[in-house]
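So you know, we letter chains A, B, ... as the sequences are listed, proteins then strands, and number each from 1.
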2 protein chains.
Amino acid sequence: MAQHNIDVQNSFEGVCSLFHNLQPGEKELIRRNFTCSYYRKGEIIYKEGDKPSGLVCLTKGKVKIFKEGVGGRDQIMRMAKPVGFIGYRALFADENYIASAQALEDSVICVIDRTVLLEILKMNAELTLHILRSVATELGFSNNRTVTLTQKHIRGRLAESLIFLRDTYGFEDDGQTIKVYLSREDLANLSNMTTSNAIRTLSAFSEEGVLELDGRRIKVLDVHKLERISDLG
Amino acid sequence: MAQHNIDVQNSFEGVCSLFHNLQPGEKELIRRNFTCSYYRKGEIIYKEGDKPSGLVCLTKGKVKIFKEGVGGRDQIMRMAKPVGFIGYRALFADENYIASAQALEDSVICVIDRTVLLEILKMNAELTLHILRSVATELGFSNNRTVTLTQKHIRGRLAESLIFLRDTYGFEDDGQTIKVYLSREDLANLSNMTTSNAIRTLSAFSEEGVLELDGRRIKVLDVHKLERISDLG
DNA sequence: CCCAATTTATGCTTAAAATCATGTTTTAGA
DNA sequence: TCTAAAACATGATTTTAAGCATAAATTGGG
């Protein structure tokens, strides 16, 4: 696979900006154990059961993190955007991955070697404490998500997913179009419903004037109404 | 409320045993900022929205951690047993509690002052890294839980909850009776279903010879069958 | 010990969402 | 550009679980 012109230096700086209280020597250590690679849309970055080789970071593109469910039905756990870490849970828990990561667009993925990172963390308590805070925050998201995915009805879950996507990726320049283009199946897997129901409910939202649909392009016409639907459950 | 004869020293040692790589000076610091109190069955230890004052530890009794759901329906997120921490997610995330904790039996709760603990963590990277691992592991449980609660059917969810309770609290001396006595409503809130359905499904398991029921006493007659039901979804 | 309140139990009805079926549109590759 | 595959759309049907009603059993407090 060709080197699709990755700006390693820029990626490196982006990744480092995610760390707090990183000492010069530690930064140099990371630089020397830092690799980048290019993933085409649809390619798998890691799979459930794989062993983490290091701390994975997305510096360009979009990635979905998903778990295979009971009847082969996937559940999307998280959506990543640049610059951000993925797969760190398994790394810090010292476990294999319990979810898979797939590029939704052409993406650049960088990896900091596992051993080197852990060495740094053992020396830098402040940095470790900061990461602990991030993971604790994410555990909160996960707990909230469990409740909404189990207790809200289909309309509420889909509305919440759309709001979540807007919060994560923002709008296009028109201020209305959500800046991510998911298949109906992905949207369903994010919202814990069948593809049929995602399609149906999107159509309903469109008829109600909440959304305007054009293929995978989703334009939010009435944010308040969407939020109300999400809150109602 | 009377001092129900709390053995503070014993509780203190129990709590300290949960920390790894704790230095003598740090231990002394904790001892001087360590309080214990007694909670009767049913009493609330903290509520959703409260601000954590420190690291809470259960040294005696049983506690449920639950979130209020959409229609006032609670979702039990976690069951705690001694000796173990509760409410640490909010503390480390520097947030208010997103769930409430209630004693299921008479319990002893100890608290390590927040400021003191964070001081220790800032100095002790190894300890912080160890806590990071625990929180990352729990995030994994939470993610798995999200999938099973959303994708498994009622029978599978209830069976899984029963297995989970056995894993957490173990069996009585007879080797069959799960060592925790929950109301049908709590069992339902743990398994994401209505109380009616928890009752109905328990009865079904009993008729199928998987369980033997006697009030809140649940005797597991056929572990394999229970596991099979859980795995089927 | 007794009574009210709560919990448990069970049947029936309704609502929600999955499944199935069919057809159309879009996309990717030869 | 054509074709096959994939994705999207919509209606009908079935399954699942919630909701509701009623009654029995259990529990806790006076």
Side-chain angles (χ1 to χ4, degrees), chain A residues 40-43 64 69-75 102 104-106 147-161 180-208 211-218 229 232-233, chain B residues 40-43 69-75 102 104-106 148-161 180-208 211-218 229 232-233:
Chain A
R40 299 257 188 90
K41 177 179 172 171
E43 280 188 299
K64 69 170 174 183
V70 180
R73 207 172 107 206
D74 291 342
Q75 174 67 50
Q102 183 177 23
L104 291 168
E105 306 174 353
D106 291 3
V147 174
T148 59
L149 281 184
T150 55
Q151 297 202 349
K152 282 188 184 180
H153 285 176
I154 279 199
R155 287 169 59 89
R157 297 204 301 271
L158 184 62
E160 184 173 283
S161 289
V180 65
Y181 301 86
L182 297 181
S183 68
R184 300 293 194 257
E185 189 181 2
D186 276 342
L187 226 35
N189 290 344
L190 187 63
S191 315
N192 181 35
M193 63 186 64
T194 56
T195 307
S196 294
N197 276 328
I199 292 170
R200 235 188 291 276
T201 310
L202 277 177
S203 300
F205 286 173
S206 170
E207 270 171 39
E208 293 163 28
L211 304 177
E212 186 184 305
L213 301 171
D214 175 18
R216 295 190 179 184
R217 185 184 195 82
I218 298 174
I229 294 170
L232 280 179
Chain B
R40 298 254 188 91
K41 176 177 173 175
E43 281 189 299
V70 179
R73 207 172 107 205
D74 291 342
Q75 174 67 51
Q102 183 177 24
L104 292 168
E105 305 175 353
D106 292 3
T148 60
L149 282 184
T150 55
Q151 296 202 348
K152 283 188 183 180
H153 284 177
I154 278 198
R155 288 169 59 89
R157 297 204 299 272
L158 185 61
E160 185 173 283
S161 289
V180 64
Y181 301 86
L182 297 180
S183 68
R184 301 293 194 256
E185 188 181 2
D186 277 342
L187 226 36
N189 289 344
L190 187 64
S191 315
N192 180 36
M193 63 187 64
T194 55
T195 307
S196 295
N197 276 328
I199 292 170
R200 236 188 292 276
T201 310
L202 276 178
S203 300
F205 286 174
S206 169
E207 270 170 39
E208 293 163 28
L211 305 176
E212 186 184 306
L213 300 172
D214 175 17
R216 295 189 179 183
R217 186 184 193 82
I218 298 174
I229 294 171
L232 280 178

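- Checked against D:dT10, D:dA18, D:dC8, the side chain of A:Ser196 finds its nearest nucleotide in D:dT10.
- Put simply, OH on B:Tyr181 is 17 Å from C1' on D:dT26, counting in whole angstrom units.
- At whole-Å resolution of the value, CZ in A:Arg184 and C1' in C:dT25 are 12 Å apart.
- Not one N or O on the side chain of A:Asn189 forms a donor-acceptor pair closer than 3.5 Å with the backbone of A:Gln75.
- Of all the heavy atoms in A:Arg157 and A:Leu149, the pair that sits closest is CD-O, 3.4 Å.
- For B:His153, the listed nucleotide lying nearest its side chain is D:dT16; candidates were D:dT16, D:dA18, C:dA17.
- Across all strands, B:Ser203 comes closer than 4.0 Å only to sugar-phosphate atoms, never to a base (heavy-atom distances).
- For the residue pair B:Gly69 and A:Gln151, the shortest heavy atom distance occurs at CA-OE1, 2.8 Å.
- Rounding to whole angstrom units, CG of residue A:Leu187 and P of D:dA7 are separated by 14 Å.
- Looking at heavy-atom distances under 4.0 Å, A:Arg216 makes contact with sugar-phosphate atoms alone, never a base.
- Between the side chain of B:Arg73 and the base of D:dG19 there is no donor-acceptor pair of N/O atoms closer than 3.5 Å.
- In terms of heavy-atom proximity, B:Leu158 sits nearest to B:Ala198 at CD2-O, 4.1 Å.
- With B:Arg73 as the partner, the side-chain hydrogen bond (donor to acceptor under 3.5 Å, both in side chains) test is satisfied by one option alone out of B:Thr194, B:Asn192, B:Thr195: B:Asn192.
- The distance between atom CG of A:Leu149 and atom C1' of C:dA17, rounded to the nearest whole Å, is 15 Å.
- We find that CG of A:Asn189 is positioned 11 Å from P of C:dA18, with the value rounded to whole Å.
- You'll find that the side chain of A:Thr194 is closest to C:dA18, out of D:dG19, C:dA18, D:dG11.
- Between A:Ile199 atom CD1 and C:dT25 atom P there is a gap of 15 Å when expressed in whole angstrom units.
- If you measure from atom CZ of A:Phe205 to atom P of D:dA9, you get 14 Å, rounded to the nearest angstrom.
- Judged by closest nucleotide on DNA chain D, B:Arg155 is the one of B:Lys41 and B:Arg155 placed further toward the 5' end.
- Taking the side chain of A:Asn197 as heavy atoms from C-beta on, and the options C:dT19, D:dA18, C:dA18, the nearest nucleotide is C:dA18.
- In this entry the distance linking CD of B:Gln151 with P of C:dA18 reads 10 Å, nearest Å.
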